[in-house]
Amino acid sequence: MSLRYTLIDSILLFLFKETQKMERTLIGELRSHLEETVLIKGWLHVLRDQKKIQFLVLRDRTGMVQITHWKPNNQELADLISTFTTESALTVVGKVSDNPSVKLGGLEIQLESISVENLAETPLPFEPFGDKDNLPALDFRLDWRYMDLRRTENLLLFRVQTTMEMALREFWIENGFMEMHSPKLMGSPSESGAELFELAYFDTKAYLAQSPQFYKQMAMAGGFERVFEIGPVFRADPSFTSRHMTEFTSVDMEMSWVESEEDVMSNQERMLQYAYKRVKELHGEEIKIVFGFELEVPQVPFPRITMSEAHQILKEVGYQLPPDKKNDLDPGAERVLGETIKQRTGCDFVFITEWSFAVRPFYHMKKGEKLTRSFDLIAGGLEITTGAQREHRYEVLLAQAKEKGLSPDNIQFYLDFFRYGCPPHGGYGMGLSRLLMVMLKLPNIRETVYLFRGPNRLQP
RNA sequence: GGGGGCGUGGUGUAGUGGCUAACAUGCGGCCCUGUCAAGGCCGAGAUCGCGGGUUCGAACCCCGUCGCUCCCGCCA
């Protein structure tokens with residue numbers, strides 16, 4: 001049976017090739033097309049133009065291949081090729097041949113025809129594939145982001161991000177979560193109000209959401225039990241650091257019927273472990289080559305330390321917190337804690353629990369008089385998550401809002417969620433780019449986001 | 001918002017009071033039957049962010065200004 005179908009297939013394929021336009025072959029798949037004439041598309045990575053022979057290296061998203069042209073075969077074509085500039089977009093037709101002496105994959109393509117889709121102007125603003133020592137400063141690369149994105153590191157980074165988001169969704173769906181999309185336009189400043197972007201909205205004002213917090217809690221009151229959202233949030237903070245953005249992608253989760261914040265943390269650590277595992281499966285080898293390290297899948301459970309234990313550790317290692325951080329941590333303390341926990345347990349992640357109500361929002365459930373059922377997740381010394389069990393009892397929540405000096409009028413729509421059978425629940429928010437930054441050990445968040453938005457950058 | 005640092009060819013750097021401002025890379029030209037991050041030779045390209053001051057003389061010192069950057073605050 002299989003023989004017959006193979007024969008018919010070959011005849012059909014032959015007829016197809018004779019009568020139809022050629023289909024594009026990806027460079028990464030050329031090995032399985034030896035001795036065939038193929039059509040490939042990509043960017044001119046380098047041109048080595050010698051007296052009798054021309055070598056073109058063409059790059060697409062799957063790899064690079066050398067194309068060879070013996071000039072005397074077609075001098076007119078050779079003269080045309082001589083005018084090509086690196087990074088031009090080309091379509092090439094040629095025959096694939098095995099050639100072990102070619103360092104690039106042991107393959108080369110004997111050129112038959114070539115056409116220019118878009119000639120790159122010269123000189124380029126910078127060389128995406130030049131010496132690492134000559135790589136322009138980040139700010140300049142962001143001005144020319146589309147050129148910067150061509151770099152191998154960036155292509156891989158955004159494939160890793162895609163895999164990571166896929167893995168998160170796989171994990172959540174496997175665990176009974178529903179995906180939600182909450183609005184980013186809001187009618188009233190909800191939580192603090194200080195860091196909200198305000199914009200004209202017909203005859204009134206609107207605000208850009210700085211968190212889906214209230215809306216995902218609404219889904220708990222709505223009986224969805226388990227939800228997640230991956231979406232944009234906006235913070236009008238003039239922060240000039242390597243880890244802040246005014247617009248970023250927030251990874252949010254909320255789950256009902258929790259016994260405590262522990263349920264949220266154990267869910268999150270398993271999700272992160274799964275995401276690391278998937279990324280390692282699909283990109284571990286490339287990460288080793290491109291970023292130069294072995295991606296480690298973290299063990300669960302992650303270490304958990306209370307805030308007072310954290311302060312004890314800081315004392316032991318001699319880190320001085322500023323006096324106003326009695327119930328809190330500063331970025332330096334987070335780095336030191338991350339390092340110390342790594343040394344003591346081998347884990348890159350650590351949950352800090354039992355935060356003081358004084359430094360937490362009103363909706364975090366209290367644990368005793370002063371503490372809360374909340375946590376931060378520190379990864380590679382960087383804060384990537386805040387989570388908590390929420391306060392779901394209307395009267396208690398109202399009292400906590402008042403304790404924080406909030407006017408109930410502004411948040412009445414939110415308080416109403418808790419009037420008609422809202423289950424106990426908890427969740428967290430995690431910065432997508434911060435996670436990617438930690439995972440790939442990159443020093444600046446602007447490297448890990450498609451297009452950075454900050455106080456001084458709205459372009460491109 | 002507070003504090004520190006940096007602005008030199010397209011890009012990355014060197015030069016810290018007396019040079020026609022150097023090097024690498026890229027760019028242009030020539031040479032080279034097979035290269036492979038090719039190689040060799042030649043060439044173009046910077047009034048040293050901008051404005052003022054000190055000095056016989058400023059890329060270099062001082063003041064201002066603009067831009068960038070890092071740290072803190074705030075957070076993810």
Side-chain angles (χ1 to χ4, degrees), chain A residues 45-57 64-73 82-83 85-87 99 101-108 110 120-144 147-148 152 191-192 194-195 210-213 232-252 322 324-325 328-335 359-361 376-379 382-387 428-438 443-446 448-449 454-457:
Chain A
H45 194 75
V46 70
L47 170 64
R48 289 189 283 273
D49 197 348
Q50 299 182 210
K51 184 161 195 173
K52 293 285 183 185
I53 194 165
Q54 289 168 320
F55 300 100
L56 300 87
V57 175
M64 295 197 272
V65 68
Q66 172 167 295
I67 296 147
T68 308
H69 182 233
W70 185 249
K71 290 165 98 168
N73 281 355
S82 293
T83 68
T85 50
T86 51
E87 293 303 311
N99 184 345
S101 66
V102 175
K103 293 184 180 171
L104 196 56
L107 273 182
E108 68 180 345
Q110 303 297 335
E121 288 177 31
T122 183
L124 299 166
F126 73 96
E127 286 75 45
F129 300 93
D131 281 2
K132 288 281 175 291
D133 292 345
N134 281 2
L135 193 68
L138 181 55
D139 190 59
F140 183 87
R141 283 187 283 127
L142 295 186
D143 286 339
W144 296 94
M147 291 305 295
D148 191 45
T152 314
E191 287 184 52
S192 57
E195 55 186 24
Q210 100 263 48
S211 154
Q213 184 59 39
V233 295
F234 305 88
R235 306 273 167 97
D237 268 335
S239 292
F240 299 93
T241 75
S242 55
R243 60 186 187 280
H244 284 88
M245 304 190 272
T246 49
E247 174 179 352
F248 65 91
T249 302
S250 181
V251 175
D252 274 88
D324 59 315
K325 293 281 181 183
D328 206 347
L329 300 171
D330 67 1
E334 287 166 357
R335 285 191 289 271
V359 297
R360 291 305 216 190
D376 270 15
L377 178 60
I378 310 291
L382 179 69
E383 177 184 340
I384 64 166
T385 286
T386 296
Y428 62 79
M430 177 171 69
L432 180 68
S433 298
R434 281 196 179 179
L435 176 59
L436 206 57
M437 189 177 161
V438 170
N444 197 309
I445 203 161
R446 296 165 209 189
T448 68
V449 66
N456 292 333
R457 184 171 284 277

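Chain letters run A, B, ... following the sequence lines, proteins first and then strands; every chain starts at 1. None of these values were measured; they are calculated from a predicted model.
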Under 4.0 Å from OP1 or OP2 of [N]: is there any side-chain N or O of [X] that close?
X	N	answer
K132(A)	rU13(B)	no
R48(A)	rA37(B)	no
T385(A)	rA76(B)	no
K51(A)	rC32(B)	yes
Q50(A)	rG34(B)	yes
K325(A)	rG73(B)	yes
R335(A)	rC72(B)	yes

Is there a Watson-Crick or G-U wobble partner for [N] with both distances under 3.5 Å, and which nucleotide is it?
N	result
rG43(B)	rC27(B)
rG18(B)	rC56(B)
rC6(B)	rG67(B)
rG1(B)	rC72(B)

Checklist line | Most 5' of G130(A) and E334(A) on RNA chain B, judged by nearest nucleotide | finding: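 Closer to the 5' end of RNA chain B: G130(A).
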Item checked: Non-neighbouring partners of T83(A) that pass side chain to side chain contact (heavy atoms under 4.5 Å, CB included), sequence neighbours left out ->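 Partners of T83(A) by the side chain to side chain contact (heavy atoms under 4.5 Å, CB included) criterion, ordered by chain and then number, come out as L80(A).
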Next item on the list: Describe the nucleic acid contact of G429(A) in one word from base, sugar-phosphate, nothing, applying a heavy-atom distance below 4.0 Å.
Entry: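 The residue G429(A) makes sugar-phosphate contact but no base contact.
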Notebook entry, point to check: Between the base of rC75(B) and the side chain of R434(A), is there any donor-acceptor pair under 3.5 Å?
Noted result: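 Side chain to base: pair found, below 3.5 Å.
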